[in-house]
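Numbers restart at 1 for each chain; the letters A, B, ... are given by sequence-line order, proteins then strands.
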Amino acid sequence: MNPEYEPQNIEEKWQERWDRLGIYQAHDLENKKKFYSLVMFPYPSGDLHMGHMRVYTISDVISRHRRMQGYNVLNPMGWDAFGLPAENAAMARGRHPQQWTQENIKYMRDEQLKKLGTSYDWRREVTTCEPDYYHWTQWLFLQFFKKGLATRKEAPVNWCPECQTVLANEQVEDGKCWRHGNIEVIQKKMSQWFLKITDYADRLLNDLDKLKGWPEHVKVMQRNWIGKSKGAELFFTVEGKPNVRINVFTTRQDTVFGVTYLVLAPEHPLVLDLTESRQKKAVQDYIESAKHKTELERMTAEKSKTGVPLGSLAINPFNGDEIPIWISDYVLAGYGTGAVMGVPAHDERDFVFAKLFDLPIKQVVSPDGKAATELKSAYLDAGILVNSGMFNGLDSEKAKEKIIDWAMSNNSGCARIQYKLRDWLISRQRYWGCPIPLIHCEKCGIVPVDEKDLPVILPIEGIEIKGQGGSPLANDTKWLNIKCPKCGQAAKRETDTMDTFIDSSWYFLRYADATNKKEAFALDKVNYWMPIDQYVGGVEHAILHLLYSRFFTKALKDMGLVDCDEPFTNLLSQGMVTMLSPQSGRIEKMSKSRGNVVGTTAFFEQYGADSARLFSLFAAPPEQELVWSEDSAIGQYRFLGRLWRFAHALQDQGVEVTAKTEFDENNVPASAASLLRLTHKTIKAVSEDLEKEHYVFNTAISSCMILLNGIYKFTGDKTEENNGGSHKSKSLSELEKQIVIFAYRNLLLLLAPMAPHITEQIWHDLGFARVEDESIHVHAWPKYDVKLTIDNEIELVLQINGKFVNKQIVQRGLRKAEAESIALTDSKMVSKIDNRPVQKIIVVIDRLVNVVI
RNA sequence: GCCUUUGUGUCGGAACUGGUAUACGAGCCGCACUUAAAAUGCGGUGCCCGUAAGGGAUUGAGGGUUCGAAUCCCUCCAAAGGCACCA
């Protein structure tokens, strides 16, 4: 055994051995408790940095721990390989996206993930851009299509000029493209494919309550995104136009008597019909200018409102009031009915609008049932209705119900629930994605590709990617032109490809049966493994990927393709890895563009993967942000060196470790009892720290360090002549040696999931493995004896008025009276009490005595 | 503006169910080993006053509950993230 810890010499050897032995393979349908551990698969960008390494380490430790606990663990890995960066790289470097992607995958798998010491079952690797995967993406799309869950409709959509494609709502942040923070998204009216996620809005919302193992903030974000509002749709008629009706959506139908105007979105279909000729020019000018405003301008213009009256009047069905109709771009065309009732007294925005255009303000809800003379600002709270005819005196809640009742019986409205969530726009005008398996036939319309003709292969040869002017697929006439499967006449393929989020909405199901050539996945296998017991990933997918995957799972359950209706039982959303950025001088998220990336290769070469793993686990709890610093990473390298040198010292002294691992626990000499106790305590602490809902790796590692320090202290020779240089052991009795070995052996087992290489090496060097091919990683997780975690002596804390004064070492289990008398006779206590009368004594058994004076 | 999360030494962070605040690591200081340095082993190290013994204040700020509060309650401040003209 090398006296120095040199990770470079051991890590690769074990990685190859584990691979050869197949110890990380998951066994389908095995009659054993399963554990499906998953980490969000990466986009093969070509380089993983420490931020990625952190999340893979966390998930890997969880998997390894469960494996040692005896679970049948599925821990797979794959590649989210379709997407724009491949096309952009292709244009920049003149490489084909496929070639570029495959090279990146090879590098990331072999040089990065494998070298981190991960325990994936690589037989299940999936790559979303390979035909054997997207075959089934297409097949699933057809199932959605058959169920009517995939529809084509014309709608205003988000267009990113940089990406040259449309985006889903979830992929627009602050009016800008999620990939291009500086590029404004343009609204375009286009005919596009949508998946009807809104059909599942209610279930996606309600089932969040079932997800006990999800962090609250992720659930809150999903709730907000779904954005359920309960209210009413009310019908307003138009003066002089008996056939026209304006519907408005409101959550405050209790304020309907306070309506003093209506506002339509400029895009509302009735606008021109309702415009009086004298207002025609003003209205047309306004619509024109609104059209030219970008989404961003409409939002930044915020509070400053604009608008134009149409000149016509609407009639409030409740009180017959005639009220002016306006248009204004503060009303969104895409939400509700695209029209709102203006109630300035009870809505901030309406209040501002009314003040600006001098419209009347009529209070109809007040806190005490009396109307105020003049409102200085909108009164937004619930209250008692006033000025509201037959509804006067009701509270807002009650009034909301009654008003809906009245509206229904008078054909003037109905109850309505409105969601913010829109259907998922999934078509993309780009090349590097999964082709949508549909055919446009002039005679038959849209015809699905026959399932037996799947997959529709994405052509690789002869494609010219320009990034402009639509999908290059449209120029590939050989691919494009096809006979209609229905009528046999000339037809054309759909040239749009699918949003890559579709690929990632079901990859976790494919892992259950990754090589199936006949179907997406076999029922029995997918139902054996699903749902995922522990999912780990970044919070940036709180809405996007996590919502889409939930939707997919529910839809597939309804189709009978999977049993569970929630895919991820427990979710760990890990914090980002940040580092000082030399450009800005601030701590920022690690990213190439900021120039603050720490690559893995150099670090692995210098300190080894085990140190990298330990540091990313130790520096902060998993949910928290982690600031990368090589200086403190060194602490982990030192710890592992210390672990290593102790093994060497043992071996050097010819300590026989294979002989006996058992000993009589009742016969332990006092000299070693505390080390034995420390060992049991450590097993307990680390076991608890690695249990789900805890996952506090930092304290688990800290406990391991304490145990190693304890071992050093116990074995260290502190006599004068031996106080220098490296660690020297004092002479120990046979029994003491056995306890040292017991402690050290358990320490290796506890560290094995976190530092897999060094523990495996020492395990073999010291002979804990009986045969060469035995691995520490399939050894049973250590057990502890609760009896042996308890000290028989404790420190009794002595307090006066709750303040610490002194402590005494006493036997465990002292009765109240005994503890009291110790406190009252302790010399420090006596001098502090100083003969003042004792009011009260509080005793917490085996912990403290508090004397109140 | 609304929602969520977080505020503990020089730094990363511990602290069970309210019970010795600052575990573990980094940094710094010292000792040993060494010709020397590095590495390693051992010890010290939150702040203020004090040579010391000892004393005092302290978990973003202020108040409250309690024998006792980092922990529970209220008000405020700060930071990070999310949502935001959604009627």
Residue A:Lys305, side-chain atoms from C-beta onward, closest of B:G41, B:G12, B:C85:
B:C85
Is the backbone of A:Tyr784 close enough, under 3.5 Å, to the side chain of A:His680 for a donor and an acceptor to pair up by distance?
no
Once you measure the plane-to-plane angle for A:Trp326 and A:Phe357, does it fall in the parallel (<30°), tilted (30-60°) or perpendicular (>60°) bin?
tilted
Side chain of A:Lys840, heavy atoms from C-beta onward: which of B:A14, B:U20, B:C67 has the nearest atom to it?
B:C67
If you pin A:His217 and A:Val852 to their nearest nucleotides in RNA chain B, which one's is more 5'?
A:His217
Using a 4.0 Å heavy-atom cut-off across all strands, classify A:Pro621 as base, sugar-phosphate, or nothing.
sugar-phosphate
Scanning all shown strands, the Watson-Crick or wobble mate of B:C83 with both distances under 3.5 Å is B:G1
Assess A:Lys305 against A:Tyr330: is NZ or CZ under 6.0 Å from the centre of the six-membered ring, and within 45 degrees of the ring's axis?
yes
Take atom P in B:G12 and the same atom in B:A80, then report the distance between them in whole Å.
15 Å
Among B:A15, B:G25, B:G13, which nucleotide sits nearest the side chain of A:Asn698?
B:G13
Taking only the side-chain heavy atoms of A:Gln799 (C-beta and beyond), determine which of B:A87, B:G19, B:G41 contains the nearest atom.
B:G19
When the P atoms of B:A39 and B:C47 are considered, how many whole Å apart are they?
25 Å
Between B:U4 and B:C67, how many Å separate the two P atoms, rounded to a whole number?
32 Å
Pairwise C1' distance for B:G19 and B:U66, with rounding to whole Å:
12 Å
Whole-Å distance separating the CZ atom of A:Phe714 from the P atom of B:C42
15 Å
OP1 or OP2 of B:A39 under 4.0 Å from side-chain N/O of A:Arg645
no
Look only at the side chain of A:Thr789 and the backbone of A:Lys684, and say whether a donor-acceptor pair between them is shorter than 3.5 Å.
no
Please classify the nucleic acid contact of A:Ile706 as base, sugar-phosphate, or nothing, using heavy-atom distances under 4.0 Å.
sugar-phosphate
Evaluate the ring planes of A:Tyr695 and A:Phe697, with Trp represented by its six-membered ring, and classify them as parallel (under 30°), tilted (30 to 60°) or perpendicular (over 60°).
parallel
Mind listing the N/O atom pairs, protein and nucleotides 55-59 of chain B, below 3.5 Å?
{"unit_1": "B:G55", "atom_1": "OP1", "unit_2": "A:Lys832", "atom_2": "NZ", "d": "3.4"}

Checking understanding here: a glycosidic angle within 90° of 0 is syn, the rest anti, so what is B:G9?
syn
Taking any strand in view, what nucleotide pairs with B:A36 in a Watson-Crick or G-U wobble way, both distances under 3.5 Å?
none
Measure from the side-chain heavy atoms of A:Asn850 and tell me the nearest of B:C85, B:C24, B:G68.
B:G68
Measure from the side chain of A:Ala620, starting at C-beta and using heavy atoms only, and say which of B:G43, B:C42, B:G13 lies closest.
B:G13
C1' atom, B:U22 versus B:C74: distance in rounded Å?
28 Å
From the set B:G12, B:C67, B:C85, return the single nucleotide nearest to any side-chain atom of A:Ile842.
B:C67
Whole Å only: how far is the OH atom of A:Tyr5 from the P atom of B:U40?
13 Å
What contact category does A:Ser229 fall into here, base, sugar-phosphate, or nothing, at under 4.0 angstrom with non-hydrogen atoms?
sugar-phosphate
A:Met576 and A:Thr578, any side-chain heavy atoms less than 4.5 Å apart:
yes
Any donor-acceptor pair under 3.5 Å joining the side chain of A:Glu216 to the base of B:U4?
no
Looking at A:Arg836 and A:Lys832, would you say the former's side chain and the latter's main chain have a donor-acceptor pair under 3.5 Å?
yes
Does B:G50 pair with anything, Watson-Crick or G-U wobble, both distances under 3.5 Å, and if so, with which nucleotide?
none
Please state how far atom CG in A:Leu798 lies from atom C1' in B:C67, giving the value in whole angstrom units.
15 Å
Watson-Crick or G-U wobble partner for B:A21, using a 3.5 Å limit on both distances?
none
Which listed nucleotide (B:G12, B:U20, B:A14) is nearest to the side chain of A:Glu795?
B:U20
Can A:Gln418 and A:Arg416 be counted as having a side-chain donor-acceptor contact under 3.5 angstrom?
yes
Does B:U45 pair with anything, Watson-Crick or G-U wobble, both distances under 3.5 Å, and if so, with which nucleotide?
B:G27
With ring centroids as reference points, do A:Tyr261 and A:Phe353 lie under 6.0 angstrom apart?
yes
Kindly say whether A:Leu211 contributes a backbone atom to a donor-acceptor pair with the side chain of A:Lys219 at under 3.5 angstrom?
yes
Among the nucleotides B:A15, B:A21, B:G19, which one has an atom lying closest to any side-chain atom of A:Phe804?
B:A21
In whole angstrom, what separates A:Arg252's CZ from B:C85's P?
20 Å
Upstream residue (5' side of RNA chain B) when A:Val627 and A:Thr251 are each assigned their closest nucleotide:
A:Val627
Considering every strand shown, what is the Watson-Crick or G-U wobble mate of B:U75 when both distances are under 3.5 Å?
B:A61
Looking across every strand, which nucleic acid part, if any, lies under 4.0 Å from A:Asn709 by heavy atom: base, sugar-phosphate, or nothing?
sugar-phosphate
Taking atom types as modelled, is there a side-chain donor on A:Asp610 or A:Tyr637 under 3.5 Å from an acceptor on the other?
no
Where along residues 334-344 of chain A does a heavy atom fall under 4.0 Å from RNA chain B?
A:Tyr335, A:Val340
Provide, to the nearest angstrom, the distance between the OH atom belonging to A:Tyr712 and the C1' atom belonging to B:U40.
9 Å
Please write out each protein N/O paired with an N/O of nucleotides 26-28 of chain B under 3.5 Å, distance rounded to 0.1 Å.
{"unit_1": "B:A26", "atom_1": "OP1", "unit_2": "A:Arg638", "atom_2": "NH1", "d": "2.9"}
{"unit_1": "B:G27", "atom_1": "OP2", "unit_2": "A:Arg638", "atom_2": "NH1", "d": "3.1"}

Could you tell me whether A:Val797 contacts a base, only the sugar-phosphate backbone, or nothing, with contacts defined as non-hydrogen atoms closer than 4.0 Å?
base
Between C1' on B:C16 and CD on A:Glu688, what's the gap in Å once rounded to a whole number?
9 Å
Distances under 3.5 Å between protein N/O atoms and the N/O atoms of nucleotides 80-83 of chain B, please, pair by pair.
{"unit_1": "B:C83", "atom_1": "O3'", "unit_2": "A:Lys420", "atom_2": "NZ", "d": "3.4"}

Using the P atom on both, measure B:G56 against B:G1 and round to a whole Å.
44 Å
Extract from the structure each pairing of a protein N or O with an N or O of nucleotides 6-11 of chain B at less than 3.5 Å, listing the distance.
none

Does some side-chain heavy atom of A:Thr682 sit less than 4.5 Å from a side-chain heavy atom of A:Leu747?
no
Do side-chain atoms of A:Thr255 reach the backbone of A:His346 as a donor and acceptor pair under 3.5 angstrom?
no
By ring-ring contact (aromatic ring centres under 6.0 Å, His included), A:Trp644 pairs with (sequence neighbours left out) A:Tyr5
Shortest non-hydrogen contact from A:Val686 to A:Ser703?
CG2-CB, 4.0 Å
A:Asn169 has an atom CG; how far is it from atom P of B:A84, in whole Å?
10 Å
Return the nearest nucleotide to the side chain of A:Met705; candidates are B:C3, B:A87, B:G25.
B:G25
Grab the NE2-C1' distance between A:His648 and B:G41 for me, whole Å please.
16 Å
